[in-house]
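If you're wondering where the values come from, they're calculated on a predicted model, not measured in any experiment. Values reported hereafter were calculated over all heavy atoms of this structure, with side chains retained and with hydrogens, waters and symmetry mates removed. Here is how names work: the chains are called A, B, and so on, in the same order as the sequence lines, proteins then strands, and each is numbered from 1.
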Amino acid sequence: MNPIAAKQPRDMNKSSKVTRAFLLKLELRSHPTLLCVIRGALQPLVEMLGFSAEHNREIIRAVDEAVANIMRHSYQGRLDQPIEVYCNRLQRRTNGEIEQGVEVLLFDCGPAVDTTKLEARPLDEVRPGGLGLHIIRGSMDTVQYKRAGRLNRLRLVKYARTSKGECGSAEEKPS
Amino acid sequence: MNPIAAKQPRDMNKSSKVTRAFLLKLELRSHPTLLCVIRGALQPLVEMLGFSAEHNREIIRAVDEAVANIMRHSYQGRLDQPIEVYCNRLQRRTNGEIEQGVEVLLFDCGPAVDTTKLEARPLDEVRPGGLGLHIIRGSMDTVQYKRAGRLNRLRLVKYARTSKGECGSAEEKPS
Amino acid sequence: MKISARRVETATILDVSGNIDMSNSPEVRKALLREIREKGVTRVALNLTGVAYIDSSGVASLVEGLKASRESGSRFVLFGLSDSAREVLKISRLLKLFEVYDDETQAIAP
Amino acid sequence: MKISARRVETATILDVSGNIDMSNSPEVRKALLREIREKGVTRVALNLTGVAYIDSSGVASLVEGLKASRESGSRFVLFGLSDSAREVLKISRLLKLFEVYDDETQAIAP
Ligand SMILES: Nc1ncnc2c1ncn2[C@@H]1O[C@H](COP(=O)(O)OP(=O)(O)O)[C@@H](O)[C@H]1O
Ligand SMILES: Nc1ncnc2c1ncn2[C@@H]1O[C@H](COP(=O)(O)OP(=O)(O)O)[C@@H](O)[C@H]1O
């Protein structure tokens with residue numbers, strides 16, 4: 001019945017150094033009151049993975065904004081459309097150190113995303129709206145939109161920096 | 001791949017006065033560290049349905065205990081077995097008043113539950129353990145164990161009392 | 001999410017509790033604009049002490065509040081920001097645009 | 001979940017924060033039994049102020065603590081219970097069995 005259910009992503013095991021473990025799948029409808037349910041489930045999940053409190057908030061924020069965009073743009077405000085959220089734990093080995101990561105995959109059945117419209121607007125102009133993509137891209141290491149059959153797939157990945165990286169990321173970014 | 005995925009329950013639309021709306025489905029493995037993820041998702045969900053704070057806590061507690069029992073008894077502590085949680089919103093009309101309710105369905109692939117063992121122990125003996133079923137039954141209006149094909153299904157239902165009922169339930173139960 | 005207004009001399013304090021996201025940011029926007037456009041109000045202070053999370057639609061409501069206050073010649077200030085609220089304003093490059101205070105006393109000081 | 005012990009004269013206070021459920025109740029049990037069986041400790045007070053949720057496996061750990069304290073002739077007391085913690089003890093008919101105090105001062109008062 002649910003067109004999404006059969007389409008579990010099988011194309012992500014290519015990268016040889018990354019191991020992936022299934023953590024959680026959420027299925028819900030495109031009703032904005034359910035955004036808090038996604039945040040509620042993800043918060044303890046990413047906490048478990050050893051991210052810093054700030055990185056936790058970035059991941060939650062990115063997923064929340066991405067799901068809000070599906071509700072608003074992909075489904076144009078319709079409240080009863082299916083959304084699926086997969087959370088996987090990633091591990092990769094870089095320079096002998098193991099990095100923990102999280103991968104969130106979002107699926108919707110809306111029309112194909114027009115990727116030319118996926119433009120984060122310049123922030124020097126002060127006006128409401130147009131901040132979502134900016135937040136998503138600023139929060140995650142990887143943000144990939146892809147058409148997968150009749151579905152849109154958004155792939156979000158973030159790794160917890162190793163102790164070395166942790167120092168680096170604590171520095172203020174120039175703004 | 002997942003034997004549960006195809007088995008969405010279809011046998012619950014018999015009762016004519018009750019309407020049911022899908023709210024959320026969660027899929028996870030039988031790892032106790034994921035209990036907090038279920039609680040995190042359910043908390044804002046039941047809050048939305050207009051239950052009192054105390055009833056919210058009862059629902060969360062019943063689901064948490066029921067999932068813990070699946071992990072402990074149905075899967076005997078194995079950490080990688082599938083569990084599915086469906087949440088539906090219920091509405092029923094009693095004496096002209098509409099009551100909001102929640103239905104939580106839990107599925108696992110363990111061996112058939114031996115229903116003769118589903119005995120909440122008497123509480124007059126003080127010893128650790130054996131409290132889960134007591135808590136589940138004391139928290140929900142309906143607690144139904146059922147074998148559904150190769151799956152165990154536990155159905156939990158609770159209605160928010162109407163204003164009249166609310167008064168009644170505020171009374172201390174004799175203990 | 002709950003939002004309510006109280007008056008302290010010529011300032012209005014809007015207390016919000018709960019999270020602000022796409023499901024309720026229109027309510028926040030409405031309450032903000034109503035108070036900011038109210039006659040005789042020189043300052044509207046948004047109390048975010050009880051708000052753990054604000055998404056970009058919530059931020060958009062705050063920007064609308066700011067614009068309305070500039071039009072009406074009043075001040076719109078924020079206080080009690082959580083780490084998360086501060087971060088979302090920062091990443092949106094809006095943190096410096098808002099008057100942000102730690103607490104109510106500072107927010108309504110003359 | 002985090003648990004740590006501090007000593008106040010001959011009492012030990014165990015501070016817990018986070019939720020207690022099947023994933024970590026064995027840790028709570030272990031810490032409780034260790035402190036209760038410690039020589040010279042006359043009272044162990046479990047500080048549940050930072051614990052919103054306890055499940056039945058957490059309650060089982062508390063019951064084990066109580067039994068151990070009876071064996072060793074010391075006192076085991078609880079304080080800072082959330083509504084949820086109080087409810088789960090009540091539904092398990094154990095609330096009256098435990099010495100429960102509102103705060104630390106009462107919990108370690110002679
Ligand atoms: N899931 C999506 N499906 C289709 N279009 C999208 C999606 N997400 C973003 N977009 C496009 O990208 C633009 C920028 O998005 P965003 O930065 O979140 O700002 P806003 O949602 O306020 O317009 C949107 O206006 C829309 O055209
Ligand atoms: N999901 C389940 N699958 C199989 N058996 C169960 C399940 N839930 C409960 N039981 C049986 O019911 C008994 C009582 O459960 P409970 O009251 O939760 O206490 P405890 O889990 O501490 O034994 C269990 O010991 C077990 O035999």
* Select one option (side chain, backbone, both, neither) describing which atoms of D:L66 are under 4.5 Å from chain B's heavy atoms. => neither
* To do: First locate atom CG of B:N69, then atom CE of D:M22, and finally report the distance between them rounded to the nearest 0.5 Å.
  => 8.5 Å
* Could you list which of residues 23-36 of chain D have a heavy atom closer than 4.5 Å to any heavy atom of chain B, in residue-number order? => D:S23
* Structure fact -> Correct closest heavy-atom pair for B:G129 and D:A60 would be N-CB, 3.6 Å
* Among B:I60, B:D64, B:L34, single out the residue with the greatest number of heavy-atom pairs under 4.5 Å to chain D. => B:D64
* Structure fact -> Note: B:S139 and D:I91 closest approach over all heavy atoms is OG-CD1, 4.2 Å
* Structure fact -> Okay, D:L94 and chain B: the region with an atom under 4.5 Å from a heavy atom over there is side chain
* Structure fact -> Output for pair (B:R127 CZ, D:E64 CD), nearest 0.5 Å, gives 11.5 Å
* Main-chain N/O of D:S92 paired to B:H134 side chain as donor or acceptor, under 3.5 Å -> no
* Asked: CG/B:L35 to CG/D:D55 distance, rounded to the nearest 0.5 angstrom?
  -> 7.5 Å
* Does B:E65 reach the main-chain N or O of D:S56 with its side chain, forming a donor-acceptor pair under 3.5 Å? -> yes
* Asked: Looking only at heavy atoms, which of residues 68-86 of chain D get nearer than 4.5 Å to chain B?
  -> D:D83, D:S84
* Asked: D:E87 and B:R57: which non-hydrogen atoms are nearest, and at how many Å?
  -> OE2-NH2, 2.5 Å
* Asked: Any residues in residues 37-50 of chain B near chain D, with a heavy-atom distance under 4.5 Å, and which are they?
  -> B:R39
* So which bits of residues 3-21 of chain D come within less than 4.5 Å of chain B, counting non-hydrogen atoms only? -> D:N19, D:D21
